[in-house]
Amino acid sequence: MVTLFRKEIASFFSSLIGYIVIAVFLLGTGLFLWVFDGELNILQSGYAGLDGLFMIAPWIFLFLAPAISMRFFADESKSGTLELLFTFPISDLSIVLSKFFAGLVLMFIALLPTVLYFITVYALGSPVGNIDIAATIGAYIGLLFLAGVYVAIGTFVSSITDNQIISFIISAALCFALYVGFDFIAEVFPEGVFKRISISLGIAQHYDSISRGVIDTRDIVYFLSVISFFIYITHISLKKKHK
Amino acid sequence: MQKKIYKQIIIACSVLIGINVISSVYYARFDLTEDSRYTLSATTQEYVKNLQDTIRFSVYLHGDLPVSFVKMERELTDFLKELKRIGKEHIQIKFFDPRNLGSNAKENREAFARLTQYGLKPYTIQEQDESGTYVQRHIIPGMIMSTSERYVPVNLFADGVASGAEELIFEALGRLEYMCVKGIMQLTTEHKKNIAFLTDHGELPFLYVKDATLSLMELYNIDRITTPELLDSINKYDLVIVAKPQKPFSDEHKFIIDQYLMRNGAFLGFIDAVDVNADTLQYVSNVTAVPFDLHISDLLFHLGVRINPTILLDNQCAKIPLNLAPAGMPPNYQPISWYYFPIVSGTQSHLISQRLSPVKTEFVSSLDTLEGGGKLQKTILLRSSAYARILQAPVQVGFSVLERIRGDYFTSYYVPVAALVEGELESLYQYRATPLSAEQLPKNFTTILKTDSVKMIFVADGDVIKNDVSVRGRDTIAQPLHYYKYFAVDKNVYTGNKEFLLNAVNYLCGDTELISLRSREVAVRMLNRARVLHEKSKWQMFTILLPIVLLGVVGFGVILIRKNKYKKYGS
């Protein structure tokens, strides 16, 4: 399992695409937060916090996570190496998990350079160091859970198609639907139970709360449930191919 | 086979939904923010949990807003969501864009005008339109809280304080919880407490306590009554306020006040011990300050305080403009320290005075609390700075004092000027004849000689509660309490006076929870603007180029490692 996990990460960094994906992520986030005019610009807002990062990251992740996960199974089943994988003495679940965790770690690596943003706000604060460190760490944890959900969705979608492009598009769409789709549906309902249920099914509500630095066990349980659900159905889909 | 898969998926779904339902019952919440800003205080939670009515929040800070206001809207939304999480169906939140309330432009204007009639105050912002010219636009930083029967407008911006939008937002976010709880109290309190201003000892007329009265009226019923009227409804009032009396208290009045206190009353007195006719200072250089004889010292002494016939001078004081030009030359006004207007601060010893902004006084006296006298507990609330001087009246007051002041002039320090007295009290008339005969007393009136709990606050200056009144043509306009007529030279806004008043009244009326909510601090963290301006491009490089460079270095490293690997295999 560890071998498979390492192989997955190594193959990501051995292709130029991997670097381009991360570079685009960093460049996009950076420009929105530090250069472009607007609500997200940290320097313009004058507030010593990384709120902008946690607002924009779910949107940029919509492309980053599918780009990372699109190859997972799509590539293997196209080139036929999936058959080879099945002959290894490891369970299907281990295969899914190693791909999932590889994706999560890659997201984490992509996110790592944003520590420089933190350093910047730390240094520019008035007085220096005027940033809520604990809350920021909490928000980063929220971001990792969000990345987990996106990667789990991406892994699943990748397992049902053998075309990387289709895998990318479908998983981006599915992530988007899960992120804000339920809020749109909720708009239709009048104030009441259905509205509340609909909103709480979406990622947005749980992520918003955690990204402010409030860690709620309900949000964590929600994220873990969604992740396990997608890993489970990936497992089923893989089994089906196996047969 | 296919069926089996669906079955498995459905089972998985139900298990996960089950786990989520269980977790929504048994949960924990950790607010990692340093100031616990997303955690409502226990008081607020209690209020919101016990709501009987449904409270509807109609928020008008919505629509296309400038960046800083978008941030404010988000914080407000977060806060209201948190209220809703606890209050559930008893809290309803709706957002309205004040520019799109009707279906056409005319209706929009009318709807907007209606909002201002309801008591919401618009805030004007400058905006650039497409052609680049600046246009004014009104936004409404406020909301209306309502039940099916009543409504209260909630203006989030502190009124009248001249400062920029950022500061107003900063302040508003800090006061959100207080404003909402106050609104809920206003909407749900069935019986407001009663407060009486006494009027028959030359106390400040309504116009001069207008701001104080209006602020208190949000939560209390306010009456202006004479002392005999107090006797008639002696059980009605929860608090009696005496604001800057000028005429002596008769024995009968002192008896009535004493008996009012015996019925678990609370008392708030702003009492001058020295008479200074400051207005004449504009025409003459010196006036004489003389002790006031209000015939009240014996009662105060009995209640545990003495307001001394003194004038307190303080190095920490407000400024006034003084014409420094020689006679015959055009006037040249310069700000000078006016030591007669000390800026006093709250002590840390009581909730009322902790975190209080500085309070402006005018010709304040020193106040002593007296030892002994039974079971009264005394707490100093306000005191001078460490550089003060006490002058005994009668004494000359005027600009000439300023010339005498040297470095070692201020010999007193931390002189008390306001105190809270509470505890058990025996009647002043326990061993004295009552000045009112039985016929003069209402039926069923019994003289009470002892009480378990009185709460009294004494301030040795009548001007703390007094607002300025400016005359414009034939109109007289009461200014807010924080307004100082020489703001132009003094540059300070004295919000501490109203804070002190509200804290004192809340405490005396038993609404202590409002005090801690009002003074709850929420840190808004700011960037160093000057550095942002100067070092902008440096940090932009740091945040945009450096990550890419780092990525490049990693990529290069990976290639090198690979090459080495191949070399190894090659050899």
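Per chain, numbering begins at 1; letters A, B, ... match sequence-line order. Being a predicted model, the structure only gives us computed values, none of them experimental. The analysis underlying the following values was restricted to heavy atoms, covering all of them including side chains, and did not include hydrogens, waters or symmetry mates.
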Beyond-backbone contact of A:Y140 with A:L50, side-chain heavy atoms, under 4.5 angstrom
yes
Could you tell me which of A:D208, A:T217, A:V214, A:D132 has the largest number of non-hydrogen atom pairs under 4.5 Å with chain B?
A:D132
With a 4.5 angstrom heavy-atom cut-off, could you sort out which part of B:E535 is near chain A: side chain, backbone, both or neither?
side chain
Indicate yes or no for a side-chain donor-acceptor contact from B:E177 to the backbone of B:S41 under 3.5 Å, with no hydrogens or angles considered.
yes
Can you tell which of B:V558, B:V532, B:N20 has the highest number of heavy-atom pairs within less than 4.5 Å of chain A?
B:N20
Which residues in residues 52-60 of chain A have a heavy atom less than 4.5 Å from any heavy atom of chain B?
A:M55
Under 3.5 Å: donor-acceptor pair, side chain of B:Q45, backbone of B:L40:
yes
Those residues that, when tested against B:V549, pass side-chain contact (heavy atoms from CB on, under 4.5 Å) (two or more places apart)
B:V553
Can you tell me which portion of A:F229 sits under 4.5 Å from chain B's heavy atoms? Options are side chain, backbone, both or neither.
both
Would you find a donor on one side and an acceptor on the other, under 3.5 Å apart, between the side chain of B:R531 and the backbone of A:A123?
yes
Just say parallel, tilted or perpendicular for the rings of A:F223 and A:F145, cut-offs at 30° and 60°.
parallel
At a heavy-atom distance under 4.5 Å, which candidate from B:D31, B:I9, B:T33 has the highest pair count against chain A?
B:T33
I want to check something: taking the side chain as every heavy atom from C-beta on, are A:L97 and A:F5 in contact at a cut-off of under 4.5 Å?
no
Check for a donor-acceptor pair, side chain of A:Y19 on one end and backbone N or O of A:F13 on the other, with a separation under 3.5 Å.
yes
Toward chain A, the part of B:L551 with a non-hydrogen atom under 4.5 Å:
both
Can you say whether the rings of A:H206 and A:Y222 are parallel (under 30°), tilted (30 to 60°) or perpendicular (over 60°)?
parallel
Chain B heavy atoms under 4.5 Å from A:A10: which part of the residue, side chain, backbone, both or neither?
both
Does any pair with a residue in residues 105-132 of chain A pass ring-ring contact (aromatic ring centres under 6.0 Å, His included), and if so which ones, sequence neighbours excluded?
A:W34-A:Y117
Picking from A:T29, A:I215, A:N41, which has the most non-hydrogen pairs under 4.5 angstrom with chain B?
A:I215
By side chain to side chain donor-acceptor pair (under 3.5 Å), A:T161 pairs with (sequence neighbours left out) none
Against chain B, work out which of A:A110, A:A48, A:S209 has the most heavy-atom pairs shorter than 4.5 Å and name it.
A:A48
Side-chain donor-acceptor pair under 3.5 Å between A:R71 and A:S11, yes or no?
yes
So which part of A:L31 gets closer than 4.5 Å to some heavy atom of chain B, the side chain, the backbone, both or neither?
both
Ranked by heavy-atom pairs below 4.5 Å to chain A, first place among B:V15, B:L32, B:N528, B:L527 goes to B:L527
Identify which part of A:V128 has an atom lying under 4.5 Å from any heavy atom of chain B, answering side chain, backbone, both or neither.
side chain
Quick one: what part of A:L16 sits under 4.5 Å from any heavy atom of chain B, side chain, backbone, both or neither?
neither
Specify which of A:I133, A:L124, A:V221 makes the most heavy-atom pairs with chain B at under 4.5 Å.
A:L124
Students often mix this up, so state it plainly: with edges at 30° and 60°, are the rings of A:F32 and A:F36 parallel, tilted or perpendicular?
perpendicular
Would you confirm whether B:T543, through its side chain, and A:G30, through its main-chain N or O, come within 3.5 Å as a donor-acceptor pair?
no
Counting heavy-atom pairs under 4.5 Å with chain B, which one of A:L112, A:L26, A:T120, A:V115 comes out on top?
A:T120
Top contributor to chain A interface from B:I548, B:I19, B:I17, B:L533 [non-hydrogen pairs under 4.5 Å]
B:I548
